[in-house]
Every structure is written in structure tokens, then in C-alpha cells.
**Student:** 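Below are the C-alpha cells for one structure; questions will follow.
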Amino acid sequence: MKGPGSIRVFLLIICLYGLLGANVSAQTSFSMGEDLFMQNRPQEALVHLEAVVAQDPAHVQAFLYLGISYLQLGRINDAISTYTAILPRGGSETARIAFNLGNAHFMNGSHDLALEAYTRTLQADPAYSAAYLNRGNTLVRTGDLNGALRDYEAYLRLEPNSPKRPEVMQLMAFIREEAVLAEERRAMAEEIARIAEQERLIAEETARAEAELARQRAEEAAQAEAERRRLLLLEVTQSLQSAAEDSQGLSAGFEDVQIYDGEFELE
């Protein structure tokens with residue numbers, strides 16, 4: 001009868017065989033997936049690559065091929081999920097994974113996320129020239145032309161003989177020209193704003209002057225009305241005073257009237 005120790009050894013052997021079998025199966029799937037990927041047959045490669053990452057979540061190369069296959073098939077969100085999942089475990093492939101993630105975000109129109117991914121690429125590998133080029137393209141989309149110019153210059157320093165050099169140089173010349181025009185537009189806008197402010201101040205001063213004139217006129221009108229009413233009162237009181245003087249003149253005429261003290265007799 002086998003003891004507990006023998007049973008444990010037996011179970012360990014079974015586990016090891018299982019792990020070895022899984023690794024062999026994953027490696028076989030990866031080899032098949034890689035062959036199909038290299039033959040530019042992404043749809044067929046997917047089946048094998050998806051099986052690999054399901055069996056071995058740390059198989060970085062399988063994740064890389066799988067993400068590219070998704071991109072080739074237009075499954076951008078699946079590519080983003082794939083690269084995002086493996087990026088923390090990227091190791092020496094971190095720069096490539098982050099670069100591909102940036103491309104996926106760029107294709108998806110998520111420019112801010114693309115910038116983050118390209119910057120992560122350059123943090124992992126400061127000599128990754130394509131990341132400078134693509135980040136420059138992304139900065140153009142976000143309107144940061146100065147930042148784009150710096151990235152294009154960095155790209156050409158790393159790739160002086162790049163076949164894309166003429167296009168990049170042309171784009172850089174356009175950006176510099178646009179920067180000059182933007183400065184002219186900015187200066188013009190400032191001048192327009194200055195003139196508008198002057199006009200606003202003049203309008204305010206004119207409004208204050210008109211308000212003050214209206215106030216003065218209203219005050220003058222009020223004073224004139226007050227004066228008119230004062231004169232009217234004077235006129236009325238003067239008229240009353242004249243009437244009083246006339247009454248006094250009449251009473252003075254009775255001073256010579258004699259009073260008859262006799263009695264009247266009736267016949």
C-alpha cells in the first residue's frame with residue numbers, strides 16, 4: 001500500500017506533466033500562429049494566438065502578434081485591450097508594446113491616450129525613433145505645433161537618412177511658416193482687442209458725458225420749474241396783498257359817519 005508521501009509525489013508528477021503538456025501545447029499554438037502571422041494571414045493566426053494568451057498570460061510575443069493581427073483586421077478596441085493587458089508585464093518589449101498601443105489609440109482617434117503611450121515608449125527606449133515621429137504626428141492633431149516640431153527634429157537626429165526625411169522636412173517648414181502666421185494672427189487679434197477696448201472706454205466716457213448732460217439739463221429744468229413756482233407764489237401773494245390794502249382804504253371812509261342816538265317815533 002502506498003503511503004501519503006508516495007501519493008504526493010504521484011500527484012506532483014501529474015501536475016508537472018500537465019504543465020509541460022500545457023507549455024508544449026502553447027508553444028505549438030504559438031509556432032502555428034507565428035507562421036500564419038508572418039504569412040500575413042491574420043484571421044487564421046488569431047485562433048492560435050488567442051489560444052496561446054489564454055494558456056500563457058505572460059507570453060509577450062504572442063500578445064504582440066495578436067494585437068497586430070487585431071489591427072490588421074480593423075479590430076482596434078481588441079488590439080487596445082490586448083496591449084493594455086500585457087504592458088505591465090512587457091519587460092524588454094515594453095517599448096514595442098507601448099508603441100503599438102499608441103498606434104491603436106491614434107487609429108481610434110484617442111489622441112491624448114496615444115500621446116501617453118508614445119511617451120511611455122520613449123521612457124522605455126529614448127532611441128525609439130518611430131515613437132518621436134508618431135508622437136509628432138499626434139501633436140499636430142492636438143494643435144501643439146511647437147511640440148510636434150521638437151519631435152520631428154528628434155526623429156531626424158536619430159534617423160538622418162530616413163526615406164521619410166523629405167516629407168518630414170517639408171512638414172517642419174510648413175509648421176514654422178504656420179508659427180509665423182499664428183504669431184501675426186495673435187498680434188492682430190491683440191490689436192483688434194486693444195482697439196475694441198479703446199472703443200468701449202470711449203463709449204463708456206460718451207455715455208457718462210451724456211448722462212451728466214442729461215442730469216444737468218434735468219437739474220436746470222427742475223430749478224427753472226422751482227423758480228417759476230416761486231414767482232407764481234410771489235405773484236399770488238402780491239395780488240392778495242393788494243386786495244388787503246383796498247379793504248383797508250374802504251374801512252377808513254366810515255370814520256366820519258355820525259351815530260344817531262335818538263329814538264324814532266312813529267306817527
Side-chain angles (χ1 to χ4, degrees), residues 12 14-144 147-148 151 154-155 158-159 164:
L12 179 60
I14 291 177
C15 290
L16 289 174
Y17 273 115
L19 290 174
L20 289 173
N23 288 335
V24 170
S25 176
Q27 188 58 38
T28 301
S29 295
F30 175 72
S31 297
M32 296 177 67
E34 184 180 34
D35 288 341
L36 292 168
F37 175 81
M38 294 301 179
Q39 296 173 32
N40 197 26
R41 296 159 65 182
Q43 186 64 60
E44 298 172 63
L46 279 182
V47 178
H48 302 286
L49 295 174
E50 288 174 340
V52 175
V53 299
Q55 296 173 12
D56 185 1
H59 201 304
V60 176
Q61 199 65 34
F63 274 93
L64 274 170
Y65 290 159
L66 180 60
I68 295 173
S69 296
Y70 282 140
L71 288 179
Q72 290 174 331
L73 295 171
R75 296 170 58 177
I76 299 175
N77 290 330
D78 288 332
I80 291 173
S81 298
T82 299
Y83 291 131
T84 301
I86 196 60
L87 185 59
R89 301 190 298 275
S92 61
E93 295 289 357
T94 296
R96 288 179 61 194
I97 296 169
F99 178 74
N100 289 339
L101 178 59
N103 291 341
H105 281 309
F106 184 90
M107 294 171 66
N108 214 27
S110 303
H111 297 134
D112 290 340
L113 294 175
L115 289 176
E116 291 179 9
Y118 291 136
T119 300
R120 177 75 180 273
T121 301
L122 293 169
Q123 289 171 345
D125 183 3
Y128 206 116
S129 59
Y132 281 110
L133 180 61
N134 287 11
R135 191 173 71 173
N137 294 334
T138 308
L139 288 170
V140 169
R141 297 295 198 286
T142 63
D144 185 358
D151 275 357
Y155 170 74
L158 292 170
E159 301 288 346
K164 298 179 180 179

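The first residue in the sequence is number 1, and the count goes up from there. Just so it is clear, the structure is predicted and the values come from calculations on it, not from any experiment.
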**Student:** Checking Y132 now: which residues fulfil ring-ring contact (aromatic ring centres under 6.0 Å, His included) with it, not counting sequence neighbours?
**Tutor:**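 If we apply the ring-ring contact (aromatic ring centres under 6.0 Å, His included) test to Y132, skipping adjacent residues, there are no hits.
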
**Student:** Where do I97 and L64 come nearest, in terms of heavy atoms and distance?
**Tutor:**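 Reported closest heavy-atom pair: CG1-CD2, 3.7 Å.
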
**Student:** Do P42 and N40 have side chains that approach each other closer than 4.5 Å (heavy atoms only, starting at C-beta)?
**Tutor:**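 Contact flag for P42/N40 side chains = yes.
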
**Student:** Drop me the distance from L87's CG to E93's CD, to the nearest 0.5 angstrom.
**Tutor:** 12.0 Å

**Student:** Nearest 0.5 angstrom please: Q61 CD to L49 CG, how far?
**Tutor:**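 The CD atom of Q61 sits 10.0 Å away from the CG atom of L49.
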
**Student:** By ring-ring contact (aromatic ring centres under 6.0 Å, His included), which residues pair with F106, not counting sequence neighbours?
**Tutor:**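 Listed in chain order: H111.
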
**Student:** If you look at every heavy atom in S129 and E159, which pair is closest and at what distance?
**Tutor:**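 Between these two residues, the closest heavy atoms are OG-OE2, 2.9 Å.
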
**Student:** I need the minimum non-hydrogen distance between A79 and G67, along with the two atoms involved.
**Tutor:**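 For A79 versus G67, the nearest heavy atoms are CB-O, 3.6 Å.
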
**Student:** Quick check: closest heavy atoms across T94 and G91, and the distance to 0.1 Å?
**Tutor:**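 Heavy atoms only, the tightest pair is OG1-O, 2.7 Å.
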
**Student:** Minimum heavy-atom separation for A114 to G102, with atom names?
**Tutor:**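 Smallest interatomic distance, heavy atoms only, reads CB-O, 3.5 Å.
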
**Student:** Would you compute the distance between atom CG of L36 and atom OG of S31 and round it to the nearest 0.5 angstrom?
**Tutor:**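 Spacing of CG (L36) from OG (S31) equals 11.0 Å.
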
**Student:** For residues 74-96, which residue pairs qualify under ring pair (Phe, Tyr, Trp, His ring centres under 6.0 Å), counting only residues two or more places apart or in two chains?
**Tutor:** none

**Student:** Supply the atom-to-atom distance M32 CE to E44 CD, rounded to the nearest 0.5 angstrom.
**Tutor:** 10.0 Å

**Student:** Could you tell me which non-hydrogen atom of R89 sits nearest to which non-hydrogen atom of A58, and how far apart they are?
**Tutor:** NE-CA, 4.3 Å

**Student:** How many angstroms lie between CG in N103 and CD1 in I80, if you round to the nearest 0.5 Å?
**Tutor:** 10.5 Å

**Student:** Mind checking what makes salt bridge (charged side-chain N to carboxylate O under 4.0 Å, His left out) contact with E50, not counting sequence neighbours?
**Tutor:**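 For E50, no residue satisfies salt bridge (charged side-chain N to carboxylate O under 4.0 Å, His left out) once neighbours in sequence are set aside.
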
**Student:** I need the full list of salt bridge (charged side-chain N to carboxylate O under 4.0 Å, His left out) pairs touching residues 117-132, with sequence neighbours left out, sorted by first then second residue.
**Tutor:** none

**Student:** Which residue in the set D151, L133, N134, L101 passes side chain to side chain contact (heavy atoms under 4.5 Å, CB included) when paired with Y118?
**Tutor:**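 For Y118, the side chain to side chain contact (heavy atoms under 4.5 Å, CB included) check succeeds only for N134.
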
**Student:** Do the rings of F30 and Y65 sit parallel, tilted or perpendicular, given the 30° and 60° boundaries?
**Tutor:** parallel

**Student:** In chain order, what residues pass the side-chain contact (heavy atoms from CB on, under 4.5 Å) check against T82, with sequence neighbours excluded?
**Tutor:**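 Counting only residues at least two positions away or on another chain, T82 forms a side-chain contact (heavy atoms from CB on, under 4.5 Å) with F63, L66, Y70.
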
**Student:** Going from CG on D35 to CE on M38, what distance comes out if it is rounded to the nearest 0.5 angstrom?
**Tutor:** 8.5 Å

**Student:** Taking the side chain as everything from C-beta on, heavy atoms only, tell me whether L46 gets closer than 4.5 Å to L73.
**Tutor:** yes

